[in-house]
Enquirer: 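One structure is given below, represented as C-alpha cells, and several questions about it will come after.
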Amino acid sequence: MKKVLVPVTVHTSPEQMRHAVEEAIAIFRKEDGVQIHLLSVQLPVSRHVADCFAPGEMQALHAQAAREDLAPARAAFAAANVPFLSHTETGRSAETIASFAREVRCDRILMGEAAQTGMANKLFGNLASQVQHLLGLASECRVIGC
C-alpha cells in the first residue's frame with residue numbers, strides 16, 4: 001500500500017495546507033491503494049511551562065489545537081469522500097515529521113514550500129528541505145513541495 005503524509009505545523013499556512021490536501025486527493029483518485037495520513041505537529045513546551053498545568057491538561061490543549069489545525073483538511077477530505085487517518089505528535093517539526101514518516105513507512109510527504117528569507121533559511125533551509133535531509137538521500141520517502 002502506498003502511503004502519503006500531509007503534515008501540518010505551526011509554520012503551515014492555510015494556502016499551503018489547501019495545496020497539499022488537493023494534491024493528496026488527486027493522488028488518491030489517480031493511484032490505486034493509497035492511504036493518506038494527516039499529521040498535526042504540536043510544539044513542545046518547556047518543563048517550566050508544563051509544570052504550571054495539571055497532569056494531562058497540556059495533552060488536552062495539544063489535542064484541541066490539533067483538532068483546530070486539521071479541521072480544514074478534514075473537511076476537504078470528507079467533502080471529496082477521501083478516507084484518511086489523523087494523527088497528532090508533539091515535537092520539533094522537521095524531526096517529528098521525518099520520524100513519523102519512517103514509522104508509518106510513507107512513500108511521499110506533501111508539504112507547502114514557504115517562501116522563507118533570512119539567515120536561518122540560508123543556514124538550515126526550509127522545513128521541506130530539513131525533512132528530506134533528515135530522511136536521507138537513500139530514503140524511499142520523497143518530500144514533495146506543493
Side-chain angles (χ1 to χ4, degrees), residues 1-46 49-50 53 56-146:
M1 175 172 283
K2 298 172 191 168
K3 297 179 183 177
V4 175
L5 175 60
V6 179
V8 177
T9 72
V10 67
H11 307 292
T12 307
S13 73
E15 184 73 9
Q16 291 168 328
M17 185 188 325
R18 185 179 63 76
H19 285 300
V21 169
E22 287 173 355
E23 182 65 21
I25 291 169
I27 290 169
F28 179 83
R29 289 187 172 145
K30 281 190 250 179
E31 300 177 24
D32 292 330
V34 173
Q35 185 179 66
I36 296 173
H37 292 266
L38 186 58
L39 173 66
S40 173
V41 179
Q42 298 296 309
L43 294 175
V45 296
S46 72
V49 172
F53 293 90
E57 191 174 6
M58 199 71 239
Q59 289 173 317
L61 289 171
H62 278 149
Q64 177 61 31
R67 282 192 294 277
E68 292 170 8
D69 292 347
L70 298 180
R74 288 172 177 267
F77 284 129
N81 200 29
V82 172
F84 64 94
L85 298 169
S86 184
H87 312 272
T88 302
E89 298 286 337
T90 301
R92 296 175 56 172
S93 298
E95 291 87 347
T96 303
I97 293 167
S99 175
F100 183 86
R102 271 191 224 99
E103 179 183 320
V104 176
R105 298 181 184 258
C106 290
D107 302 289
R108 286 170 271 193
I109 303 173
L110 305 177
M111 299 182 68
E113 297 251 1
Q116 297 177 349
T117 59
M119 187 57 74
N121 187 52
K122 289 177 181 166
L123 291 173
F124 305 113
N126 64 22
L127 184 60
S129 65
Q130 290 174 30
V131 171
Q132 188 65 68
H133 175 76
L134 289 167
L135 290 170
L137 294 176
S139 173
E140 294 186 19
C141 181
R142 295 176 312 170
V143 177
I144 301 170
C146 299

Enquirer: How many angstroms lie between atom NE2 of His87 and atom OG1 of Thr96, to the nearest 0.5 angstrom?
Expert: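 Taking NE2 in His87 and OG1 in Thr96, the distance rounds to 14.0 Å.
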
Enquirer: Distance-only, no hydrogens or angles: does the Lys2 side chain make a donor-acceptor pair with backbone N or O of Glu31 under 3.5 Å?
Expert: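 No, Lys2 side chain to Glu31 backbone: no donor-acceptor pair under 3.5 Å.
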
Enquirer: Atom SG of Cys141 and atom NZ of Lys3: how far apart are they, to the nearest 0.5 Å?
Expert: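 Rounded to the nearest 0.5 Å, the SG-NZ separation comes out at 11.5 Å.
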
Enquirer: Do Leu110 and Ile27 touch side chain to side chain, with heavy atoms closer than 4.5 Å?
Expert: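 With C-beta onward as the side chain, the pair touches.
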
Enquirer: Given side chains that start at C-beta, do those of Leu85 and Val104 come closer than 4.5 Å, heavy atoms only?
Expert: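 No, every pair of side-chain atoms sits at 4.5 Å or beyond.
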
Enquirer: Just how far is it from atom CG of Leu127 to atom OG of Ser93, taken to the nearest 0.5 Å?
Expert: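 Atom-to-atom, Leu127:CG and Ser93:OG are 5.5 Å apart.
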
Enquirer: Quick check: do Leu135 and Ile109 have side-chain heavy atoms less than 4.5 Å from each other?
Expert: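 Yes, their side chains come closer than 4.5 Å.
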
Enquirer: When the ring planes of Phe100 and His37 are compared, do they come out parallel, tilted or perpendicular, using 30° and 60° as the limits?
Expert: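 Phe100 vs His37 ring planes: perpendicular.
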
Enquirer: Okay, side chain of Thr12, backbone of Thr9: is any donor-acceptor separation there less than 3.5 Å?
Expert: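 Present.
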
Enquirer: Work out which heavy atom in Gln42 is nearest to a heavy atom in Ser40; give both atom names and the distance.
Expert: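 So the two residues come closest at NE2-OG, 2.8 Å.
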
Enquirer: Counting neighbours of CZ on Arg92 that are heavy atoms of other residues, nucleotides or ligands and sit closer than 6.0 Å, is the number greater than 12?
Expert: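 No, the 6.0 Å shell around CZ holds no more than 12 heavy atoms from other groups.
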
Enquirer: Rounded at 0.5 Å granularity, tell me how far CG in Leu70 sits from OG1 in Thr88.
Expert: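 Here the rounded value is 6.0 Å.
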
Enquirer: If you round to the nearest 0.5 Å, how far is CG of Asn126 from NE2 of His11?
Expert: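 So the gap between those two atoms works out to 11.0 Å.
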
Enquirer: I want to check something: taking the side chain as every heavy atom from C-beta on, are Gln59 and Thr90 in contact at a cut-off of under 4.5 Å?
Expert: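 The answer is no, as the side chains (C-beta and beyond) never meet within the 4.5 Å cut-off.
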
Enquirer: Which atoms form the tightest heavy-atom contact between Gln130 and Ala94, and what is the distance?
Expert: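 Looking at all heavy atoms of both residues, the closest pair is OE1-CB, 3.7 Å.
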
Enquirer: Would you check if Pro7 and Met111 make a side-chain contact, meaning some heavy-atom pair closer than 4.5 Å?
Expert: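 Yes, close enough: below the 4.5 Å cut-off.
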
Enquirer: Starting from the C-alpha separation in whole Å, work towards a yes-or-no answer on side chain to side chain donor-acceptor pair (under 3.5 Å) for Glu23 and His19.
Expert: CA-CA 6 Å; Glu23 182 65 21; His19 285 300; over 6 Å; no

Enquirer: I'd like to know if the side chain of His62 reaches the main chain of Glu89, judged simply by a donor and an acceptor atom lying under 3.5 Å from each other, with no hydrogens or angles considered.
Expert: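 A pair under 3.5 Å: no.
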
Enquirer: Measuring from atom CG of Leu5 to atom CD1 of Ile36, what distance do you get when rounded to the nearest 0.5 angstrom?
Expert: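 Nearest 0.5 Å value for the CG-CD1 distance: 10.5 Å.
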
Enquirer: If you count heavy atoms of other groups shown closer than 6.0 angstrom to CD of Glu95, is the number above 12?
Expert: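 Atom CD in Glu95 is packed in, count exceeds 12.
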
